[in-house]
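Quick caveat: nothing in here was measured; it's all calculated off a predicted structure.
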Amino acid sequence: MNLESLYHTEFIVVLVLMALFLFACLIRAVRGPLVADRVVAVNMMGTMVMVMIAVFALLLGEGYLVDICLIYAMISFLAVIVLTKVYMGVYLAKKKSRKESGEETQDA
């Protein structure tokens, strides 16, 4: 058994483990319970996909996959920023409506 076949087996094991972890994060993203938990799960899923792409690049010996990994990192970062911005907008709108309805009930 040479070193290349040992690395090949190790890469496959790492990819299978990462796929299982990715599935666990998908469950956390769906179940919640909080929106913040979902955002963190989506961020972690993006990070794990980047690691999987990097392992694929090593496994296949293709350097262009690292470029794809970097592009995916930028897209994942932007997605998390957008999700956070949307969540904060919804949170502030709910807070404002609660404050307004609280003032109306005190006046009545």
Side-chain angles (χ1 to χ4, degrees):
M1 189 175 226
N2 62 5
L3 193 58
E4 281 187 37
S5 64
L6 189 63
Y7 278 142
H8 187 274
T9 306
E10 186 176 327
F11 288 152
I12 297 299
V13 169
V14 167
L15 287 172
V16 169
L17 286 173
M18 292 298 290
L20 292 174
F21 295 151
L22 191 66
F23 186 70
C25 282
L26 180 65
I27 291 171
R28 174 50 65 192
V30 171
R31 292 188 68 196
L34 301 175
V35 176
D37 294 332
R38 291 183 174 110
V39 171
V40 170
V42 167
N43 189 20
M44 181 163 280
M45 287 171 59
T47 302
M48 281 195 271
V49 168
M50 286 183 284
V51 170
M52 290 175 77
I53 292 172
V55 171
F56 271 127
L58 289 171
L59 181 65
L60 301 175
E62 300 291 338
Y64 69 89
L65 288 175
V66 177
D67 297 334
I68 292 172
C69 185
L70 291 173
I71 292 169
Y72 189 84
M74 290 185 285
I75 292 171
S76 176
F77 174 73
L78 288 175
V80 169
I81 296 297
V82 167
L83 283 173
T84 304
K85 183 71 174 170
V86 168
Y87 170 65
M88 289 303 296
V90 169
Y91 173 76
L92 292 175
K94 283 183 181 179
K95 186 176 178 181
K96 183 178 178 182
S97 69
R98 283 186 202 143
K99 183 178 178 184
E100 289 174 355
S101 66
E103 290 174 358
E104 291 173 3
T105 57
Q106 290 175 356
D107 292 339

Between V90 and V35, does a side chain to side chain contact (heavy atoms under 4.5 Å, CB included) hold up when you go through it step by step? CA-CA 11 Å; V90 169; V35 176; over 6 Å; no
Hey, any chance L60 and V51 share a hydrophobic cluster, counting ILVMFWY side chains that come within less than 4.5 Å of each other, even indirectly? yes
Let me check something: do V13 and M18 share a hydrophobic cluster, defined by ILVMFWY side-chain heavy atoms less than 4.5 Å apart, either directly or through other members? yes
Which heavy atom of H8 sits nearest a heavy atom of L59, and at what distance? CD2-CD1, 3.4 Å
Could you state the interatomic distance from CD (E100) to NZ (K96), rounded to the nearest 0.5 Å? 5.5 Å
Here the pair of heavy atoms bringing G46 nearest to S76 is CA-OG, 3.7 Å
Distance, nearest 0.5 Å, that separates SG of C69 from CE of M74: 10.5 Å
Within 6.0 angstrom of F11 CZ, more than 12 heavy atoms from elsewhere: yes
Identify whether V49 and V82 are in the same connected component of the hydrophobic contact network (ILVMFWY, side-chain heavy atoms under 4.5 Å). no
Which atom of D37 lies closest to which atom of P33, heavy atoms considered: OD2-CD, 3.2 Å
Measuring from K85:NZ to L78:CG, what's the distance to the nearest 0.5 Å? 14.0 Å
Exercise: identify the closest heavy-atom pair between C25 and A41: O-CB, 3.7 Å
With rounding to the nearest 0.5 angstrom, report the CG to OG1 distance, L22 to T47. 10.5 Å
CG-CG distance between L58 and L65, expressed to the nearest 0.5 angstrom: 9.5 Å
Could you check whether atom CE of M44 has more than 12 heavy atoms from other residues, nucleotides or ligands sitting under 6.0 Å from it? no
Nearest 0.5 Å, what's the CG-CE distance between N43 and M48? 10.0 Å
Give the cluster check for Y64 versus F56: same hydrophobic cluster or not, with ILVMFWY residues linked at side-chain heavy-atom distances below 4.5 Å. yes
Nearest heavy atoms of A73 and M50, plus distance in Å: CB-SD, 3.0 Å
Please report the closest heavy-atom contact between L15 and M52, naming both atoms and the distance. CD2-O, 3.8 Å
Under a 4.5 Å side-chain heavy-atom rule over Ile, Leu, Val, Met, Phe, Trp and Tyr, are L70 and V55 clustered together? no
